[in-house]
Amino acid sequence: PSALEDTVRLHNGVEMPAFGLGTYLNTGKSCASAVSNALEAGYRLIDTASMYGNEREIGEAIRDSNVPRDQIFIVSKYYPTKGYEDALAS
């Protein structure tokens with residue numbers, strides 16, 4: 001993979017963008033701006049996690065973008081100490 005448009009086929013047949021924006025340690029307006037700029041530049045994969053605490057900013061940037069939601073691939077991780085039932089509820 002060498003371009004933002006490149007994808008990787010997952011075992012379930014889903015095509016996932018090969019490149020994405022990581023958002024670890026990025027919160028607030030800085031995070032929203034980074035996500036907005038990445039989407040505008042052609043990124044279609046955004047990586048986050050519940051423990052990053054930036055889901056709201058990412059969601060707002062996606063909502064405010066001109067990119068259809070079905071063209072954006074979100075990768076998220078769930079904090080492992082919360083347990084199975086909490087994971088199902090989230």
Side-chain angles (χ1 to χ4, degrees):
S2 61
L4 288 178
E5 298 83 19
D6 290 346
T7 61
V8 175
R9 183 180 300 269
L10 303 177
H11 289 288
N12 64 0
V14 171
E15 294 286 333
M16 181 180 81
F19 295 98
L21 175 71
T23 62
Y24 180 58
L25 299 180
N26 197 349
T27 58
K29 290 181 181 180
S30 171
C31 181
S33 178
V35 172
S36 293
N37 290 335
L39 292 171
E40 187 175 319
Y43 283 79
R44 293 298 179 262
L45 183 146
I46 307 297
D47 177 78
T48 188
S50 60
M51 65 184 262
Y52 298 176
N54 58 13
E55 294 100 328
R56 181 176 307 278
E57 293 90 340
I58 291 170
E60 290 171 356
I62 289 171
R63 182 195 64 221
D64 294 344
S65 78
N66 291 323
V67 180
R69 176 58 185 91
D70 64 352
Q71 293 180 15
I72 302 171
F73 199 101
I74 305 294
V75 175
S76 188
K77 283 83 61 194
Y78 188 74
Y79 200 62
T81 62
K82 296 227 177 192
Y84 180 75
E85 294 303 320
D86 284 340
L88 287 178
S90 70

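From a predicted model like this one, the values you see are computed outputs, not experimental measurements.
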With rounding to the nearest 0.5 angstrom, report the [atom1] to [atom2] distance, [X] to [Y].
X     : Y     : atom1 : atom2 : result
Ile72 : Ile46 : CD1   : CD1   : 7.0 Å
Arg44 : Thr7  : CZ    : OG1   : 13.5 Å
Asp6  : Glu15 : CG    : CD    : 10.5 Å
Arg69 : Ile74 : CZ    : CD1   : 4.5 Å

Taking Lys77 for the side chain and Ser50 for the main chain, is one N or O donor matched with an acceptor at less than 3.5 Å?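 No.
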Do the non-hydrogen side-chain atoms of Ile62 and Leu39 ever get within less than 4.5 Å of each other?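 Ile62 vs Leu39: side chains touch.
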So which atom in [X] and which in [Y] form the shortest heavy-atom distance, rounded to 0.1 Å?
X     : Y     : answer
Ala49 : Asn54 : O-OD1, 4.4 Å
Asp47 : Thr23 : O-OG1, 2.6 Å
Ile58 : Cys31 : CG1-SG, 3.9 Å
Val8  : Ala18 : CG2-CB, 4.0 Å
Asn26 : Ser30 : OD1-OG, 3.0 Å

Indicate whether any N or O donor in one side chain lies under 3.5 Å from an N or O acceptor in the other, for Ser36 and Asp64.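 There is no such pair between these side chains.
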Start with the C-alpha gap between Val35 and Leu21, add the side-chain angles, then the distance that decides, and say whether side chain to side chain contact (heavy atoms under 4.5 Å, CB included) holds. CA-CA 7 Å; Val35 172; Leu21 175 71; 3.9 Å; yes
Taking side-chain contact (heavy atoms from CB on, under 4.5 Å) as the definition, give me every residue that meets it alongside Leu4, ordered by chain and number, with sequence neighbours left out.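 Per chain and number, Leu4 pairs via side-chain contact (heavy atoms from CB on, under 4.5 Å) with Phe19, Tyr43.
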Would you say CG of Asn12 has more than 12 non-hydrogen atoms from neighbouring residues, nucleotides or ligands within 6.0 angstrom?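 Yes - once you tally the heavy atoms of other residues, nucleotides and ligands closer than 6.0 Å, there are more than 12.
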Does Glu60 have more than 12 heavy atoms from other residues, nucleotides or ligands lying within 6.0 Å of its CD?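 Check passes, neighbour count above 12.
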Joint hydrophobic cluster, Tyr24 plus Val75, side-chain heavy atoms closer than 4.5 Å: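 No, Tyr24 does not connect to Val75 through the hydrophobic network.
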